[in-house]
Each structure stands twice: as structure tokens, then as C-alpha cells.
Amino acid sequence: MPKSAPKAAAKPAPATKAPAKAPAKAPAKGDHVFLVDGSSYIFRAYHALPPLNRKSDGLQVNAVLGFCNMLWKLLREMPEDNRPTHLAIVFDKSEITFRNKLYPDYKAHRPPAPDDLIPQFALIREAVRAFDLPCLEQVGYEADDLIATYVRIACERGATATIVSSDKDLMQLVTDCVTMYDTMKDRRLGVAEVIEKFGVPPEKVVEVQALAGDSTDNVPGVPGIGVKTAAQLIVEYGDLETLLQRAGEIKQPKRREALIENAEKARISRQLVLLDDKVDLEVPLDDLAVHEPDARKLIAFLKAMEFSTLTRRVAEYSQIDPADIEPDAGNKSGASVFAVPPSGKKPEGYEGATLFDSPPTGKAGAAPGKTGGDKQDKAASHKGTPISLATARAEAARKLPVDRNKYQTIRTFDELNAWVARAYDAGTFAIDAKASSDDPMQADICGIALALAPNDACYIPLTHKQSGGGAGLFDAGLAPDQITAAEALAGLQPLLESQGILKIGFDIKFNAVILAQHGITLCNVDDAQLMSYALDAGRNSHALGSLAERWFGHAVTSESELIGNGKNKLTFDQVAIDKASAYSAESADMILRLHRVLKPRLAAEHMTTVYETLERPLVTVLARMERRGISIDRQVLSRLSGDFAQTAARVEAELQEIAGEPINVGSPKQIGDIIFGKMGIPGGTKTKTGAWSTSAQILDELAEQGHEFPKKILEWRQVSKLKSTYTDALPNYVHPQTHRVHTTYALAATTTGRLSSNEPNLQNIPVRTEDGRKIRRAFIATPGHKLVSADYSQIELRLLAEIADIPVLKQAFRDGLDIHAMTASEMFGVPIKDMPGEVRRRAKAINFGIIYGISAFGLANQLGIAREEASAYIKKYFERFPGIRAYMDETRDFCRTNGYVLTLFGRKCHYPDIKASNASIRSFNERAAINARLQGTAADIIRRAMIRMEDALAEKKLSAQMLLQVHDELIFEVPDDEVAATLPVVQHVMQDAPFPAVALSVPLQVDARAANNWDEAH
């Protein structure tokens, strides 16, 4: 995972242009997510620092300075082992949240902010942007709710989290995984510190706060009960509800009466103080990966603020002479930071990240040391080329303002017919269907937005409800002045199915699925999101709002502003038509504009083939797969769920017997105390909170040493997860009409081109354990059919042999040898015949580990051997296959030079942080880049197979249907009497998928089998 750069000890070369953003990466084990409570920190900085006035205009900036110093410390001065890999600043969006609806007097008595602090709020947000950090806020939620959601997700993914705040309201979030950090006092707050403050552990803090109340936020609580008394009561009775139900037992009369009379206030207070950790986040956690800020931009901001000391620190770190940089004029006059002047030209010498400053090779960014004048000269030399068209389109798009007043709402069939006629004349238009839910298989179409040109967009409402409709027991019915859905879709169908009219969408697969549910086949489509993905995978977000901001400097209305979040979230059909119309037409307008900007970039940057052969054709293929779904056997899942529950209960009983005391198996702290405290098992490590770590890696190591208790804990955790994530959850995804499970595939989700599966995720069902494989048995064929699983065998190893050009490995694959046995024979001099299984296992671990950049430590853990022995194995492997080391070095060097690697089919996988000064960031990107050429090429190959598969089956008059893709595997449903004829067709298409674009010298092997369920077929 990308991590923050180290202190000035390791200085990077002077930057000449803005560094590219870090790719969106999911936090994982070993990563550290920092969430700064910006809303409360502003006030702390303001009150902690003496007044500081900017000399040039007298503006007070003490809070801004405190905030900037804090950000610099987090990024540059934290200890090496405690730096953020992901970091964001979280603010309160507004004073009104769901809590105000629950209790109107919530925070009603808060005094207004000091007059000299108010102007600093906007400057602090500009400071965050100058540091190139995410600045997060959402309507309807407090910053604390966003922080609660982010840290929950981080911990679920195995990362640790630090909340930069000392706010007591956030202490309920502290766990073994989550700590708080007060930067002003340089003090960490863990479980022990929370207990010291509240008298209870973090999970009981809300119970204490509910009783004690909070005068600052106007949380009522129970009169007469303070924190100390509340803690005593909660310790005695366990929780708030039990206490209130047994309040009559309280001996002290006043306390008893107060609890009885104010029971409902206490319950409301608990709801007010309990943080919502299920917020539908607008910015995913993956997008918070730390990356190098643009030092020139930051220095310009700091000089504008007249923070001389911090300016000097940043300049020294980045090896930039601050005298060469002008203060940011925007923050002298209140204009937005680094706003492009009306002319569209950048200031002289400013190397901003404008992707159309591209040389003929398509490599983004000018050569180091080039000036803006050099770029203009280069652009002039490209007049009439795709590059010049791309540049002109981008400049024109930035200059053209968005005028929402020109959008129209179509309420009659005549108006719709007029738009349809104009669309035929235009030959192309943008479309964006709005639905009542995120599941296109079950959603109703609320309306359809169309755009023919910038600012020439409309919305056709179809099923919006009257104000207040659908929110309670009584449905107020449809709002007036809407065309009926049936009438509108009938009028649009010929246009949408026309092969001669281009339909432009954004994630247009969603539109294709929901329209297909209404009998319309969407034909001849382009997808602006997939264009962005083909061009910039790993380089920036591909969300519509992010792209609109990036290319047009336009902030679109967010969906959460329209429909809210959490319990008060509306469905789209409950949104008032005027608001829905403005929002939807704007979306269609942005889609059309993005298409105009991105389309010429495909040609300019030589990515047209990638988009046209790997992205666009797959949209309709996946749409059909999603609609087909797959059958599951609920009885199998039910039995498995029961079996898993019994197993979990049995293991829990065995654990308690071993421990000799009642235990909460789900409590890492108690488990750690038993293993390393009571049992005295050596090898324990403590977390930052002082508690024993019981991570899977530590428990694995102890289990391998023969310790029974850790082994049982791992067994309990595994079976509990299988039950909750799969056997209990999958039946809830069965469609009420099709009685099948329908996943949704995302094409633009990874850097390498791999697809992801969501709601439910059918690509993560475990197959390495017997219990995990049992879950696949619940995926079944319908009567009279079989499931066919066709799987590429060792495709990434084959591609390694091909791309790295390793003759001995290539020949082994051509000869059909056991590649792991052959590798073991080459390395250890052991004959392949009668080779011991342990020797082959070691070679297999090395073969697959090399692809993913395995370390000696990792290989030692995997094989249960000493690190020195593992290191010797890896060294011997590279000595025997020197071409692999050369491939890795060449790939790393290419990526350092260009910022990306290429698959065999021309896909660019960007890793902009591969030259980061921080060693952890750099090494992660190096490993990812080396693997991306292999994984990305494999992803491209199976995409090509999927695109060709349906036509190949139809040509042979076979009725097999492709249902699922799980990385290197395709799942089909095939009539019993067609299995024998289908298998060779499927194998042939998959094995020949690279041709004619790429002729591999290493053969691809596809194993295909048919059975009644997925497990037996695999």
C-alpha cells in the first residue's frame, strides 16, 4: 500500500510537475488509515495558538497555521512505523443531520464561531487541497459518523486506524484496531485511556454518555447523573436498557426516580451519541491512499499565507527554491486555489497535471524541465493530429460553463417525440436512466435523462411519487404530469434499439440491464467511464463527479444531497420532479461532455484498440450474464448454516474447556490475554494500545508450532465467517421472480483490468478449504442441465514464461510437464519421477510467490522453514531462471520511466507512485507493476474469450449460456444432451483468445468439466 514519504533524510529530485494521484487501493493488513476530525481540530488550533495576523492584510490565520503544521507532522514527522498509508480530513457538512430530526434541540445552544475564526474555515479547506489530501464531508451526517464508517471498513479489511482527535464522542470507536491521537499533546488514546476517562471500555461509552448527557451538544441524558455515577451503573447492570428496566431496584430514591422519569430521554440520548458507522460513503476508503503532494502548489499556498517557517521546511524537503515560486494569488484575494485564468492558459512555468500536455508517444506530462512555452510549441507542431483535437476539446470543455436553467423536463408525449426526432437528427446522444434502487434487476425506472449537446439536456419523469408518497403507510400515488412508463418506453424503444444512433452512457451496463428488464435491447453504445478507465486506470477516480471536477472544474450535485443517507435515505422516485430533473439532466450533460473530451484521447494516446476490443464489447456480454443469474440450493445452504453453527458452538465449548474459564471467542483482547498471559505461550506481540495481537498471521504461526488453543480460534473464526458471509447471506439475494442469484460486475474497478463482482460477490467464495468448497455445492444447474466450469490452468505462470522468455519453462509447458515438479527438479536436482510431495510443494510456493513478489519472510512463513533457507531458495530460483530477474528489473525500470506498464494487448496499468521517496510506497508499486503485466494480460485474455464466446456457441447451434466469470474461470449452464459438444467449443475459444492480436509461443491450457453443481465441476 502507498505510504507517506519519510522525513527530509531521503530527498526526492526537484519536482517539475504535479505528481499523479495514488491509485485507489483497498487498505489491507499492515496498512494504517488516519482520519483527521477537521471540524473539531479547527477550534482546538484556534484556541491553542495565540492570534497570528497576516502582515499583508491583517487577516487572522492562527487556526490555518495550526492545521497546516498538523498535516505536515502527519505526513513527514511521524515515526517510520506509524505513518499513514491512507489519510483524509473529515468535516461537518452542515448543522442539520438526522439527529436534529430525532431531537430538534440537539446542538441548539451552541454559541456561534468567533468572528475572526469564520474567515479561516474556507482557508483551512484550501490548505487541505494544497496538501492534495481528500477533504470529506456529507450532507446529513457529522464528521464523526463518516469517521466511524471509515474506521469500521478499515478494520474489516485488516488495516489499523488512527483518529486524529481528542474528542470524547469518538472514544466509542477505540478498539484493538483503532486508536486516537492528539497531535497537540502528542498523546495516543487507546482502550486503557478510554477506561481511565469514562470508567468503562469503549464499547460501553455510549451507555455512559446516554446517562450523563452532554451540555455542549444539548444531549439531555438523565438529570443528576454524571459520568462517574453513570459508569458505576453501567458496570453494575451491563447496559442502558437493562438498567432502565431494573431502575426500580435502585436504592437511592432521587436516582431511582430520575431514571424512571427520564428513561425515554436516556434512550433518545443514546441514539444521539451513538455514531452511525453504516454511512453510504460518497468517497470510498480506497481513494484515500496517501501520495506525494505537488510541492510547488503547496509552497505557493504557504507563501500566500505568509507561513515562512513551514514554507522553508517544505522547500528544503522537496529541494525547491521558494524564491522561484510566486504566492498563490487566489488566496490573497479569496479566489479558488490555482484557478485557471479565463484564457485557459496556465501561469508561466506552472507544471500542473493537465493530461493533454502530451508528446506524440501518448505519455502524459512534458519532459522534466520543460516550460509552458515549450508545451505550447509542441502542441502547435501537432496541429491537425488527434493530440491537437484532444487538447482543443479539453480547453473548450473547461471554458464552457454549465447552465442548469437550460435543462428541460419532458411531461407530454408530444415533447418526447420532438426530442426523439432531434436525437435521430443528431445521430448521437447521452442517456442516463434513473432507478428506484441500485439493483437493475428489481428496480423501477423512475425517469430517463437525455443530452444532445452541452446544456441541451432533458429529463423524462415516469414514476415519481407525489410529495410524501411512499414514505409511510399510505402511498400518495404518482405525481401528476408524467408520461406513463409504458408509453414513454414504447416511444423510445426504436431509438434505443437503432444500430445507427450512438447512445453514450456512464456505466451504461446498468442502463442496458434495466432497459432489458422492460423488453428493450440497448444497441450501439459508448461508455465514457470505460474510456476514462482505458486511459487512466490506476491514475485517478472514474466516478462521474470526480471526472466532471477534473475536466470541467464543475461540481455536480451529489446523489446524497438529493436522496440523503442512512435511515432517512429516499428512493429516487420519492425525489421531487424539479430536483430530480435538474440532477439527472446535469448527469446526462456531463456524460456527453466527457465523451467529447475522452474520445479523441483514445486515438491520441493509442488506446482505441484497448477500448474497442476489451472494454466496449464486454458491456453487453456482462449485461446478459447478469440477467441470467445462477440457481442456488437453499436447502444445501440451510444445512451448511446449521452445520457451521454446530461446529462454531462445539469449537467454542472446546476453547472454554482448554481455557478453563468462560470466554468471549469474539474478543481479541480476552483471547490474547489467555494465550500470552494465562497460558504463557511465547511469541506474542502487542498492539499500540498495549493489548496482545491475535491477528491471523500470529495465530497461524502458533498453530503451526502445535498450540491447540490458537488452532481452535482460527477454526472458529473461519467457520463463523463462512456462516455469516455466505450460507446466511446468499439466500437473501435470490430474485423473487427468477429465483436465481444475480451478481453485478464492475469493469472499471481495478488497475489491471480484472472484473469485480458485487451484491453478492461471487468471486471471493473460498475454495482452498473443505468448508469453503461446500458452499460452491449450493450453486446448481437447473433440471435437465449441467454446470460447466472452464478454467485457465496456471495462466500467469505461462505468461511469465512467455513475457520473460524463459526457454526451459516454455518448453516444459509445451511438453505438458508438471511445471512445479520440473521447477523442483531444476532447482534441487531431484528426478521428476517419484518426487517427494514436500519438494514439489516448495517449488510450487516459489513459482506462485515470485509472481506476487514474495519475500524470504513470506516464503518462510508459508513453508514453515527458516528465513535463511527461504532466502536461499529464492536466490537459487533466480540463478536458475535469470530471465525472470531480468523481466522484473526491466518492468520496474519501464514503469519508473513511464508511470505505467503495458499488458501484451496494450492496456496501460498506471502506478504513479513507483518513484515515491517512501520505500514502502515505492516497493509496493514495484511489486504491483511487475505482477500487473501478468495479471493484466490474463484479464485481457479472458475478456477476449468472453466477447467471442456467445457467437462461437451460436455458430455451432449450441444453447449453452455463460453465467459467471471468476477471474480465470468461466461458468456455463448447458443442456445435458449438449455437454459433449459444448466442452471443446468453450476450450477452443478460451485457448485461442489471444489470437490474432498476440501469438503466444506458450500454449494456454483450459480445463473444463461438467457436473450438477459448481464444486463438482471445478
Side-chain angles (χ1 to χ4, degrees), residues 431-433 435 438-443 496-497 503-518 520-534 537 542 610-630 733 735 738 740-765 779 787-792 905 907 936 938-954 960-973 986 989-990 993:
I431 180 172
D432 190 20
D438 293 333
D439 181 359
M441 288 295 297
Q442 299 191 58
L496 298 178
E497 294 187 340
K503 277 72 68 175
I504 304 163
F506 195 89
D507 185 18
I508 202 167
K509 177 167 61 64
F510 181 92
N511 292 262
V513 173
I514 198 169
L515 288 169
Q517 289 296 95
H518 290 79
I520 297 175
T521 302
L522 191 62
C523 299
N524 191 10
V525 299
D526 251 349
D527 193 318
Q529 184 182 54
L530 293 182
M531 290 179 178
S532 174
Y533 179 61
H542 306 290
V610 170
Y611 172 73
E612 293 290 352
T613 64
L614 298 174
E615 303 294 351
R616 186 160 81 140
L618 196 58
V619 169
T620 53
V621 173
L622 289 174
R624 287 189 287 271
M625 290 171 60
E626 291 178 10
R627 293 191 67 226
R628 289 171 190 144
I630 189 169
Y733 287 103
H735 192 283
T738 67
R740 291 162 78 91
V741 171
H742 302 263
T743 189
T744 299
Y745 288 102
L747 287 90
T750 67
T751 301
T752 61
R754 271 196 169 194
L755 302 179
S756 70
S757 163
N758 308 287
E759 296 298 320
N761 183 348
L762 299 183
Q763 294 183 330
N764 272 5
I765 298 175
F779 291 81
L787 288 186
V788 167
S789 168
D791 194 2
Y792 284 106
F905 299 91
R907 179 186 299 279
D940 291 345
I941 288 172
I942 199 165
R943 281 180 177 229
R944 292 172 64 88
M946 294 169 71
I947 291 165
R948 298 175 180 182
M949 187 65 68
E950 292 178 333
D951 287 343
L953 292 169
Q961 292 193 321
M962 190 160 51
L963 306 184
L964 299 177
Q965 189 252 50
V966 183
H967 302 315
D968 301 331
E969 177 185 13
L970 294 176
I971 311 297
F972 302 81
E973 191 165 54
V986 169
V989 171
M990 293 178 69

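Computed over heavy atoms, backbone and side chain alike; hydrogens, waters and symmetry mates excluded.
The two residues Ala537 and Thr751 make their nearest non-hydrogen contact at CB-O, 3.8 Å. The two residues Arg627 and Val513 have their closest heavy-atom pair at CG-CG1, 3.9 Å. Nearest approach of Phe510 to Ala433, heavy atoms of both residues: CE2-O, 4.2 Å. When all heavy atoms are compared, the tightest approach of Ala749 to Ser756 is CB-OG, 3.4 Å. The shortest heavy-atom contact between Leu530 and Ala748 is CD2-CB, 4.2 Å.
Put simply, CZ on Phe905 and CZ on Arg944 are 5.0 Å apart, with the number rounded to the nearest 0.5 Å. Of the inter-residue distances, the one linking Leu614 atom CG with Leu747 atom CG reads 10.5 Å to the nearest 0.5 angstrom. In this structure, Ile765 CD1 and Phe779 CZ are separated by 3.5 Å, a value rounded to the nearest 0.5 Å. To the nearest 0.5 Å, atoms CG (Leu964) and CD1 (Ile630) are separated by 4.5 Å. Note that CG of Leu618 and CG of Leu755 are 6.0 Å apart. Values are rounded to the nearest 0.5 Å. A distance of 8.5 Å separates CZ of Arg624 from OG1 of Thr521, quoted to the nearest 0.5 Å.
Between the side chain of Arg754 and the main chain of Ala939, no donor-acceptor pair closer than 3.5 Å is present. Although no hydrogens or angles enter the test, the distance criterion places a donor-acceptor pair under 3.5 Å between the side chain of Tyr533 and the main chain of Gly753. With hydrogens and angles disregarded, a donor-acceptor distance shorter than 3.5 Å links the side chain of Gln517 to the backbone of Met441. The backbone N or O of Arg628 lies less than 3.5 Å from a partner atom in the side chain of Arg740, making a donor-acceptor pair. Not one N or O on the side chain of Asp968 forms a donor-acceptor pair closer than 3.5 Å with the backbone of Asp791. Listed for the Ser757 side chain is a donor-acceptor partner under 3.5 Å among the backbone atoms of Leu762. In this structure a side-chain-to-backbone donor-acceptor pair under 3.5 Å is present from Gln763 to Gln965. Put simply, the side chain of Thr743 gets close to the backbone of Asn758: a donor and an acceptor are under 3.5 Å apart. Side chain of Ser532 to backbone of His542: no donor-acceptor contact under 3.5 angstrom is found.
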| task | Step by step, work out the side-chain contact (heavy atoms from CB on, under 4.5 Å) result for Tyr792 and Ile941. | result | CA-CA 10 Å; Tyr792 284 106; Ile941 288 172; 3.4 Å; yes
| request: Assess whether salt bridge (Lys or Arg N to Asp or Glu O under 4.0 Å) is satisfied between Glu626 and Lys509, documenting all intermediate values. | output: CA-CA 10 Å; Glu626 291 178 10; Lys509 177 167 61 64; 2.5 Å; yes
| task | May I have the step-by-step check of side-chain contact (heavy atoms from CB on, under 4.5 Å) for Ile508 and Val619, ending in yes or no? | result | CA-CA 8 Å; Ile508 202 167; Val619 169; 3.8 Å; yes
| said: One pair to check against side-chain contact (heavy atoms from CB on, under 4.5 Å): Met949 and Val986. What are the steps and the verdict? | reply: CA-CA 7 Å; Met949 187 65 68; Val986 169; 4.1 Å; yes
| Evaluation steps, side-chain contact (heavy atoms from CB on, under 4.5 Å), between Arg943 and Glu615 | CA-CA 8 Å; Arg943 281 180 177 229; Glu615 303 294 351; 2.7 Å; yes
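A donor-acceptor contact closer than 3.5 angstrom links the side chains of Tyr611 and Asp526.
Side chains of Leu963 and Leu787 form a contact here, defined as non-hydrogen atoms less than 4.5 Å apart. Using a 4.5 Å heavy-atom threshold, the side chains of Leu496 and Leu515 count as touching. Counting heavy atoms from C-beta outward, Glu969 and Val966 have side chains that approach closer than 4.5 Å.
Annotation: Asn761, atom CG; neighbour count of heavy atoms from other residues, nucleotides and ligands within 6.0 Å is above 12.
Between Lys503 and Glu497, none of the side-chain N atoms (NZ, or NE/NH1/NH2) sits under 4.0 Å from a carboxylate O, so this pair counts as no salt bridge.
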